[in-house]
Engineer: 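I'd like to ask you about the structure that follows.
Below, chains carry the letters A, B, ... as their sequence lines are ordered, and counting in each starts from 1.
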Number of protein chains: 2
Amino acid sequence: MPAAARPNTKPPAVSHEAAPRAAATPAKRRAGRPATAVLDQAVITSAALRLIGKSGYDGLTMAALARSLDVAPSALYNHVASKRDVLVLVEDHLAALVDVSAFGAEPWDEAVRRWAWSYRDVFSKHTPLIPVIAVLPVTDAPQTLAMYEAVSQGLREAGFPEERIISSIVALESFIFGSAFDVTAPADIFDPGSMAESTPSFTAAVRSLADQGHEKPADVAFGLGLEALISGLGALRR
Amino acid sequence: MPAAARPNTKPPAVSHEAAPRAAATPAKRRAGRPATAVLDQAVITSAALRLIGKSGYDGLTMAALARSLDVAPSALYNHVASKRDVLVLVEDHLAALVDVSAFGAEPWDEAVRRWAWSYRDVFSKHTPLIPVIAVLPVTDAPQTLAMYEAVSQGLREAGFPEERIISSIVALESFIFGSAFDVTAPADIFDPGSMAESTPSFTAAVRSLADQGHEKPADVAFGLGLEALISGLGALRR
DNA sequence: CTTAATAAATGAATGGCATTCATTTAGTGG
DNA sequence: CCACTAAATGAATGCCATTCATTTATTAAG
């Protein structure tokens with residue numbers, strides 16, 4: 001190593017290389033740990049959400065995420081172990097947006113209704129998260145766990161027998177997740193096209209639904225199933 | 001082109017190059033269209049199913065699929081336009097395995113029950129297909145369409161009002177898809193771990209369920225939700 | 001019967017992806 | 001003061017789906 005002293009305070013304010021340019025391209029960061037940290041999990045989460053909003057889940061790549069944060073891709077791995085971790089961070093952020101405020105303030109069935117619609121609406125824009133959530137231990141997602149606590153408490157106070165509370169939540173949640181996919185389906189998904197003659201019952205039912213209402217089919221089906229679940233589950237309370 | 005006559009029947013049975021070796025490595029196919037086609041959609045579908053069975057959906061890559069068929073990856077694209085097409089072929093094959101035989105032979109509620117359990121069981125081993133199915137036009141999946149026809153007819157004969165048949169099927173199917181994910185979740189997914197003190201209602205409910213039954217939690221929740229849906233939907237028949 | 005068009009294969013790219021690793025620099029605890 | 005750890009860069013790695021030029025065989029047209 002050459003004897004030249006390493007400056008122990010700061011390097012000369014102005015290098016002979018480039019004067020601090022106007023904010024356009026704010027001067028590339030050089031290698032090594034920066035004076036103040038650029039990344040943390042919160043910063044990564046909100047950048048991921050912004051990116052998803054702009055480019056969808058196809059656009060959410062580690063490279064794109066890094067670029068949006070003006071950072072090298074490998075830098076992300078100091079704060080998350082994998083891309084799946086990023087998805088978990090996003091999921092837990094969204095769980096906090098689900099409305100559980102009616103539990104304790106409204107009758108249980110109305111509280112479930114509001115929670116379920118809100119839950120579906122939030123995640124219908126984030127269906128790629130559902131395969132992740134569905135197998136995610138609650139320990140790894142504190143906001144999600146908080147949501148479960150609110151719902152559990154609501155059902156207990158409504159007189160649901162203890163041993164049926166989790167099963168009821170799981171049943172409702174399964175319906176909600178499945179319905180979230182449904183929201184994203186194209187409008188003409190059920191058009192039987194050239195196979196119409198060979199499927200008369202189905203074809204007639206599709207026509208009838210189309211003629212009937214102007215409400216969105218996914219909303220009709222969700223409302224129908226949710227009311228069925230609420231009354232069916234409610235019948236089993238003590 | 002040299003004047004040597006092209007044989008108009010068969011080429012000489014034995015080339016001077018290589019005698020037909022014992023079946024071990026059955027001699028590499030040379031470039032160009034083979035005398036009899038190696039691939040078609042049925043062959044690709046069953047190879048994909050075999051591969052999924054052995055290596056799961058992570059192992060289902062176009063390269064691995066090609067290798068299992070002893071073919072170059074690019075050859076697959078003469079028969080499918082994309083990997084998504086392969087998934088659609090698999091999906092439609094599985095739809096034919098779903099049991100709709102009880103429609104027309106049993107009371108409608110029992111028929112729905114058998115259909116729903118069968119549907120969930122088939123797709124719980126194939127959850128990566130669910131995001132594909134959920135937005136797949138029925139025209140692209142004839143077996144799936146046939147399943148819908150059977151269910152539609154069953155519900156019509158049971159007295160379901162025409163305009164509510166599709167919505168009822170969609171509601172049931174949403175519940176089934178969501179529940180299929182649930183089957184794949186780890187057993188301890190609800191263990192609140194260190195957060196137990198801050199989530200007393202939830203924690204107690206989890207304990208109670210665990211103490212209670214030895215039936216699989218996913219099955220209990222599915223049975224509970226399905227019965228609720230059946231009775232709720234049945235109440236709306238004419 | 002010849003010939004053009006089409007179908008089905010190979011093999012060599014291409015560009016994108018998540019992830020890893022060596023290296024550099026800055027803060028921190030003993 | 002010094003070792004250790006944290007947080008960044010930049011260069012690789014290996015895998016992936018897909019495309020393209022090319023070769024060979026079959027089929028349809030004239």
Engineer: In whole angstroms, how far is the C1' atom of D:dC15 from the OH atom of B:Y57?
Structural biologist: 21 Å

Engineer: Nearest of D:dA7, C:dA8, C:dT10 to any side-chain atom of A:P34?
Structural biologist: D:dA7

Engineer: Only one of A:I165, A:I169, A:V100 forms a side-chain contact (heavy atoms from CB on, under 4.5 Å) with A:Y148, so which one is it?
Structural biologist: A:I169

Engineer: Considering every strand and a 4.0 Å limit on heavy-atom distances, what is the contact class for A:A35: base, sugar-phosphate, or nothing?
Structural biologist: sugar-phosphate

Engineer: Starting from C1' on C:dA8, measure out to CD on B:Q41 and report it in whole angstrom.
Structural biologist: 14 Å

Engineer: Taking distance alone, no hydrogens or angles, what donor-acceptor pairs closer than 3.5 Å link side-chain atoms of residues 185-203 of chain A to residues at least two apart or in another chain?
Structural biologist:
unit_1 : atom_1 : unit_2 : atom_2 : d
A:D191 : OD1    : A:G193 : N      : 2.9
A:S198 : OG     : A:M195 : O      : 2.9
A:T199 : OG1    : A:M195 : O      : 3.2
A:T199 : OG1    : A:T203 : OG1    : 3.1
A:S201 : OG     : B:R156 : NH1    : 2.6
A:T203 : OG1    : A:A196 : O      : 3.3
A:T203 : OG1    : A:T199 : O      : 2.7

Engineer: Between A:T144 and A:D92, do the side chains contain a donor N or O and an acceptor N or O under 3.5 Å apart?
Structural biologist: yes

Engineer: Between P on C:dA8 and CG on B:D40, what's the gap in Å once rounded to a whole number?
Structural biologist: 9 Å

Engineer: If you round to the nearest 0.5 Å, how far is OG1 of B:T184 from CZ of B:F123?
Structural biologist: 14.5 Å

Engineer: In this structure, how many angstroms lie between the P atom of D:dA8 and the CG atom of A:N78, rounded?
Structural biologist: 6 Å

Engineer: Once you round it to whole Å, what is the distance between P of D:dA25 and CZ of B:R33?
Structural biologist: 10 Å

Engineer: A:F181 and A:F177: aromatic ring centres closer than 6.0 Å?
Structural biologist: no

Engineer: Taking salt bridge (charged side-chain N to carboxylate O under 4.0 Å, His left out) as the test, write out the residues that go with B:D219, two or more places apart.
Structural biologist: B:R120

Engineer: Could you run through nucleotides 16-23 of chain C and give me one letter per nucleotide, 5' to 3': B if any protein heavy atom sits under 4.0 Å from the base, S if only the sugar-phosphate is that close, - if neither?
Structural biologist: -SSBBB--

Engineer: Under 4.0 Å between a side-chain N or O of A:R30 and OP1 or OP2 of D:dA8?
Structural biologist: no

Engineer: Would you say D:dA8 has OP1 or OP2 under 4.0 Å from some side-chain N or O of A:H79?
Structural biologist: yes

